[in-house]
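The structure appears below as structure tokens.
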Amino acid sequence: MDGIPRQPLILGRKGDKTVAYTADGMPDESAPEGLALCCPPVPEELEPPKTERYIGLCKAAFRPYMGGEEDFFLLHGASDFRALRAAVLALTDLTGKTLIAEIQAGEEGRMPDGTDVAAAVGVLQRIGVSTLIVAADTPVQLSDALDRLAPYARISVGARLPLQWLREQIPLAGAEAFLPLPEEDETDFRAAASGWTGYRMADRDHDDVILAPDGRNAHFIAPTVDISEEIVCDHRLYERLLEAEDEEAAVLRLVLEDEEGIQDLEDDLYMLARPVCLCAGTPELLEKALRAFYGLAVYDGTWELEPEILKYFEQKYGLICL
């Protein structure tokens with residue numbers, strides 16, 4: 001489908017606020033207002049549990065901006081996907097307001113840290129993000145990234161881009177929102193967005209399978225997927241994950257026996273190349289594991305959870321219940 005079916009949403013500036021309005025000029029008094037929050041840098045020396053400590057840093061940075069009348073928050077500037085996901089958790093700990101997240105796309109539909117943009121949208125849309133904004137250094141990278149992620153997006157997708165790319169009718173799959181570059185005139189940008197006809201409908205894909213990212217890569221599993229035997233998260237996790245490379249099971253079952261296993265899991269997350277089923281003896285320990293694991297964990301019912309706890313884990317951490 002060519003052309004855009006409706007006026008795109010523009011996220012612009014209004015003093016120190018970020019304001020959302022349509023390209024044809026929604027009245028200021030009715031435009032939702034929010035705040036752009038820059039993710040704090042990740043310290044080089046971060047004591048374990050690293051993810052939880054970074055979430056704490058994000059909360060400290062974001063807390064002064066809570067309690068206002070903003071309609072939404074726009075998260076940007078994360079050093080990598082793992083940091084962005086932790087920042088989202090920090091905000092959902094602090095507020096129930098609408099969240100918009102921005103990622104940077106590079107070559108072949110991957111972020112600079114190597115994260116597949118399809119994996120990124122798969123995680124973010126299940127943990128509270130309502131709109132994903134994609135930026136890139138070149139129009140080809142931006143188009144490729146939206147082509148890659150749009151078929152799996154169940155939330156709004158947009159782009160931060162130069163107005164010249166809009167004037168050149170850059171093709172963007174599923175794009176519903178635009179952000180101008182900070183140095184560009186918003187009136188000119190709005191005019192360029194109003195005349196943009198590069199919208200492409202995103203074909204839905206893989207609706208018969210489940211998107212279960214390992215944190216960096218997108219994986220697709222069936223509801224009846226095979227899950228491995230238990231792999232204990234301890235000081236030998238690295239060796240066990242190497243041994244598991246020969247397993248045929250599509251999902252790895254990782255078991256947390258104590259809090260020390262959280263650190264072992266964090267240390268060896270880079271070894272994961274398959275979806276993960278996380279198991280723990282208590283809901284409290286499982287929640288700590290879910291906060292550390294930056295993909296989407298699978299739950300198959302083997303380690304029984306109360307329905308209300310299971311629902312909470314689904315909503316907060318995107319837990320996939322088979």
How about Glu304: does its CD atom have over 12 heavy atoms from other parts shown lying under 6.0 Å from it? no
With salt bridge (Lys or Arg N to Asp or Glu O under 4.0 Å) as the rule and sequence neighbours excluded, what pairs involving residues 254-277 come up? Glu259-Lys288
Determine whether Met271 and Leu237 make a side-chain contact, defined as any pair of heavy atoms from C-beta on separated by less than 4.5 Å. no
Could you tell me whether the side chains of Glu314 and Tyr299 share a donor-acceptor contact shorter than 3.5 Å? no
With sequence neighbours excluded, residues passing salt bridge (Lys or Arg N to Asp or Glu O under 4.0 Å) with Arg291: Glu52, Asp93
Taking all heavy atoms of Ala31 and all of Tyr21, pick out the closest pair and write down the distance. CB-CB, 4.4 Å
Which other residues end up in the same hydrophobic cluster as Tyr54, if Ile, Leu, Val, Met, Phe, Trp and Tyr are linked when side-chain heavy atoms come under 4.5 Å apart? Val42, Leu46, Leu57
Look at the aromatic rings of Trp196 and Tyr199 and report parallel, tilted or perpendicular, splitting at 30° and 60°. perpendicular
Considering residues at least two apart in sequence or located in another chain, which fulfil the salt bridge (Lys or Arg N to Asp or Glu O under 4.0 Å) criterion with Glu239? Arg236
Take the angle between the ring planes of Tyr238 and Tyr270 and call it parallel below 30°, perpendicular above 60°, tilted in between. tilted
If Ile, Leu, Val, Met, Phe, Trp and Tyr residues are connected whenever their side-chain heavy atoms lie under 4.5 Å apart, and connections chain through other members, are Val255 and Leu265 in the same group? no
With sequence neighbours left out, write down each residue that passes side-chain contact (heavy atoms from CB on, under 4.5 Å) with Ala150, or none if nothing qualifies. Ala173, Ala202
Examine distances only and state if a side-chain atom of Ser143 and a backbone atom of Val140 form a donor-acceptor pair shorter than 3.5 Å. no
How does the hydrophobic cluster around Leu181 look, that is, which other residues are in it when side-chain heavy atoms under 4.5 Å mark a link? none
If you take all heavy atoms of Ala105 and Ala145, which pair is closest and at what distance? CB-CB, 3.5 Å
Qualifying residue for side chain to side chain contact (heavy atoms under 4.5 Å, CB included) with Val121, from Asp116, Leu149, Ile103, Val134: Leu149
Hey, could you give me the CZ/CD distance between Phe189 and Gln164, rounded to the nearest 0.5 Å? 12.0 Å
Tell me, do Leu146 and Arg200 make a side-chain contact under 4.5 Å, heavy atoms counted? no
Just so I know, are the side chains of Leu11 and Thr131 near enough to count as touching, which here means a heavy-atom distance under 4.5 Å? no
For Arg53, what residues pass the salt bridge (Lys or Arg N to Asp or Glu O under 4.0 Å) criterion, not counting sequence neighbours? none
Test of understanding: with side-chain contact (heavy atoms from CB on, under 4.5 Å), list the residues that count as partners of Thr95, not counting sequence neighbours. Met66, Phe73, Leu91, Lys97
Asp16: side-chain contact (heavy atoms from CB on, under 4.5 Å) partners, not counting sequence neighbours: none
Tyr65 atom OH: more than 12 heavy-atom contacts under 6.0 Å: no
Arg85 versus Ile127: any side-chain heavy-atom pair under 4.5 Å? yes
Applying side-chain contact (heavy atoms from CB on, under 4.5 Å), can you list everything that pairs with Pro223, at least two apart in sequence or on another chain? Ile210
Would you say Thr98 and Asp71 make side-chain contact, with heavy atoms under 4.5 Å? no
Between Ala20 and Phe72, which heavy-atom pair has the shortest distance, and what is it? CB-CE2, 4.3 Å
Heavy atoms only: give me the nearest Ala159-Leu172 pair and the separation to one decimal. CB-CD1, 4.3 Å
Would you say Val298 and Leu322 make side-chain contact, with heavy atoms under 4.5 Å? yes
Under 3.5 Å, which donor-acceptor pairs do the side chains of residues 106-115 form with other protein atoms, sequence neighbours left out?
residue: Glu107; atom: OE2; partner: Gln141; partner atom: NE2; Å: 2.9
residue: Arg110; atom: NH1; partner: Gly114; partner atom: O; Å: 2.5
residue: Arg110; atom: NH1; partner: Asn217; partner atom: OD1; Å: 3.2
residue: Arg110; atom: NH2; partner: Asn217; partner atom: OD1; Å: 3.0
residue: Asp113; atom: OD1; partner: Thr115; partner atom: N; Å: 3.0
residue: Asp113; atom: OD1; partner: Thr115; partner atom: OG1; Å: 3.0
residue: Asp113; atom: OD2; partner: Phe81; partner atom: N; Å: 2.9
residue: Asp113; atom: OD2; partner: Thr115; partner atom: OG1; Å: 3.2

Please tell me if the side chains of Leu286 and Leu256 come closer than 4.5 Å, counting only heavy atoms from C-beta onward. no
Check whether any side-chain heavy atom of Cys321 sits under 4.5 Å from a side-chain heavy atom of Leu310, and report yes or no. yes
Run the salt bridge (Lys or Arg N to Asp or Glu O under 4.0 Å) test against Lys50 and tell me which residues pass, sequence neighbours left out. none
Using the six-membered ring wherever Trp is involved, compare the ring planes of Phe220 and Tyr152 and label them parallel, tilted or perpendicular (cut-offs 30° and 60°). tilted
dist Ile320:CD1 -> Asp300:CG (nearest 0.5 Å) comes out at 12.0 Å
Approximate separation, where rounding is to 0.5 Å, of Arg190 CZ and Leu163 CG: 12.5 Å
Tell me if the CD atom of Glu308 is crowded by more than 12 foreign heavy atoms within 6.0 Å. yes
Is the side chain of Glu247 donor-acceptor paired with the backbone N or O of Ser228 at a distance under 3.5 Å, no angle test? no
